[in-house]
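See below for the structure under consideration.
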Amino acid sequence: QVQLVESGGGLVQSGGSLRLSCALSGSIFSIDAMGWYRQAPGKQRELVAAITSGGSTNYADSVKGRFTISRDNAKNTVNLQMNSLKPEDTAVYYCNAIIWTRSWRKDDYWGQGTQVTVSS
């Protein structure tokens, strides 16, 4: 069974920093990509940042220059360093992974989410 477990969320003041981590466990063949999404109350879930197995990254315009995604392939973890946080960053952040669970099967997995609250 594949699981994604997020950690590192919490309450921080505007301008502060948080580091989110997502640990993948289970039987896999390989990881295509991992990323972070977020969803604020009443809003649609949006992509925050993603990273492929090859190291290519993609960021939402709203977080460029402030957030950095990284991946440790050996540990099957993905991290999101969030600096210069703003109240509008407040949301539940979800880890996402596209995983080859078999040599012929690719699936999309989600963590349960971690709350990030940025106070003004």
Side-chain angles (χ1 to χ4, degrees):
Q1 184 180 25
V2 176
Q3 294 187 70
L4 299 175
V5 180
E6 303 101 332
S7 63
L11 175 64
V12 66
Q13 292 187 21
S14 180
S17 298
L18 284 173
R19 184 173 183 264
L20 305 183
S21 295
C22 175
L24 185 154
S25 63
S27 298
I28 64 171
F29 280 93
S30 63
I31 302 172
D32 264 6
M34 297 186 74
W36 291 92
Y37 289 72
R38 67 185 181 188
Q39 188 167 23
K43 301 184 70 175
Q44 196 169 36
R45 183 161 53 184
E46 64 175 347
L47 174 69
V48 178
I51 186 167
T52 69
S53 59
S56 298
T57 58
N58 185 35
Y59 295 93
D61 288 340
S62 60
V63 307
K64 287 180 179 177
R66 299 189 296 120
F67 291 10
T68 303
I69 189 169
S70 61
R71 179 179 170 185
D72 186 333
N73 291 331
K75 297 181 178 180
N76 286 338
T77 61
V78 64
N79 303 307
L80 185 68
Q81 180 65 46
M82 305 186 295
N83 298 325
S84 301
L85 283 162
K86 305 174 181 179
E88 51 262 44
D89 295 318
T90 296
V92 177
Y93 284 69
Y94 297 91
C95 180
N96 169 255
I98 302 171
I99 301 168
W100 290 94
T101 55
R102 299 286 189 273
S103 62
W104 48 267
R105 178 170 176 166
K106 183 166 64 177
D107 292 304
D108 194 15
Y109 288 87
W110 294 89
Q112 293 185 334
T114 185
Q115 178 71 47
V116 172
T117 302
V118 184
S119 62
S120 59

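Everything numeric in this text was worked out from a predicted model, so none of it was measured. What's counted below: heavy atoms across the whole structure, side chains too, no hydrogens, waters or symmetry copies.
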Legend entry - Close side-chain approach of D32 to K106, heavy-atom, < 4.5 Å: yes
Inset, instruction - Would you check, one step at a time, whether the test side chain to side chain contact (heavy atoms under 4.5 Å, CB included) holds for S70 with N79? - result: CA-CA 5 Å; S70 61; N79 303 307; 3.6 Å; yes
Can you check whether [Y]'s main-chain N or O pairs, donor with acceptor, with [X]'s side chain at less than 3.5 Å?
{"X": "N96", "Y": "Y109", "value": "yes"}
{"X": "Q1", "Y": "G26", "value": "no"}
{"X": "Y59", "Y": "I69", "value": "yes"}

Inset, instruction - Answer with yes or no whether the side chains of N83 and Q81 bring together a donor and an acceptor at under 3.5 Å. - result: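 Q81 vs N83: donor-acceptor pair found between side chains.
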Legend entry - Verdict with supporting geometry, M82 and L20, side chain to side chain contact (heavy atoms under 4.5 Å, CB included): CA-CA 8 Å; M82 305 186 295; L20 305 183; 3.7 Å; yes
Tell me whether [X] shares a hydrophobic cluster with [Y], the cluster being built from Ile, Leu, Val, Met, Phe, Trp, Tyr side chains joined at under 4.5 Å.
{"X": "V92", "Y": "V118", "answer": "no"}
{"X": "Y94", "Y": "V116", "answer": "no"}
{"X": "V5", "Y": "M34", "answer": "no"}

Measure across [X] and [Y] and return the closest heavy-atom pair with its distance rounded to 0.1 Å.
{"X": "C22", "Y": "W36", "value": "CB-CZ2, 3.6 Å"}
{"X": "L24", "Y": "A97", "value": "CD1-CB, 4.2 Å"}
{"X": "I98", "Y": "D108", "value": "CG1-OD1, 3.9 Å"}
{"X": "A33", "Y": "R71", "value": "CA-NH1, 4.4 Å"}
{"X": "A40", "Y": "A91", "value": "N-CB, 3.8 Å"}
{"X": "I28", "Y": "I99", "value": "CG2-CG2, 3.3 Å"}

Inset, instruction - Please lay out, stage by stage, how K64 and D61 fare under the test salt bridge (charged side-chain N to carboxylate O under 4.0 Å, His left out). - result: CA-CA 5 Å; K64 287 180 179 177; D61 288 340; 3.0 Å; yes
Inset, instruction - List the steps, then state whether side chain to side chain contact (heavy atoms under 4.5 Å, CB included) holds for R19 with S21. - result: CA-CA 7 Å; R19 184 173 183 264; S21 295; 3.7 Å; yes
Inset, instruction - Measure the spacing between CD of E88 and OG of S14 and express it to the nearest 0.5 Å. - result: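 It comes to 7.5 Å.
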Inset, instruction - Can you measure from CD (Q115) to CG (L11) and round to the nearest 0.5 angstrom? - result: 9.5 Å
Inset, instruction - Could I get the full list of ring-ring contact (aromatic ring centres under 6.0 Å, His included) partners for Y37, not counting sequence neighbours? - result: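 Testing Y37 for ring-ring contact (aromatic ring centres under 6.0 Å, His included), a comparison that skips the adjacent residues, returns W110.
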Inset, instruction - Determine the sole option in T68, N58, V78, L80 for which the side chain to side chain contact (heavy atoms under 4.5 Å, CB included) test with I51 is passed. - result: V78
Legend entry - Exceeds 12 heavy-atom contacts within 6.0 angstrom, atom CD of Q112: no
Legend entry - With K43 via salt bridge (charged side-chain N to carboxylate O under 4.0 Å, His left out) - residues at least two apart: none
Legend entry - Counterpart residues, salt bridge (charged side-chain N to carboxylate O under 4.0 Å, His left out), relative to E46 (two or more places apart): R38
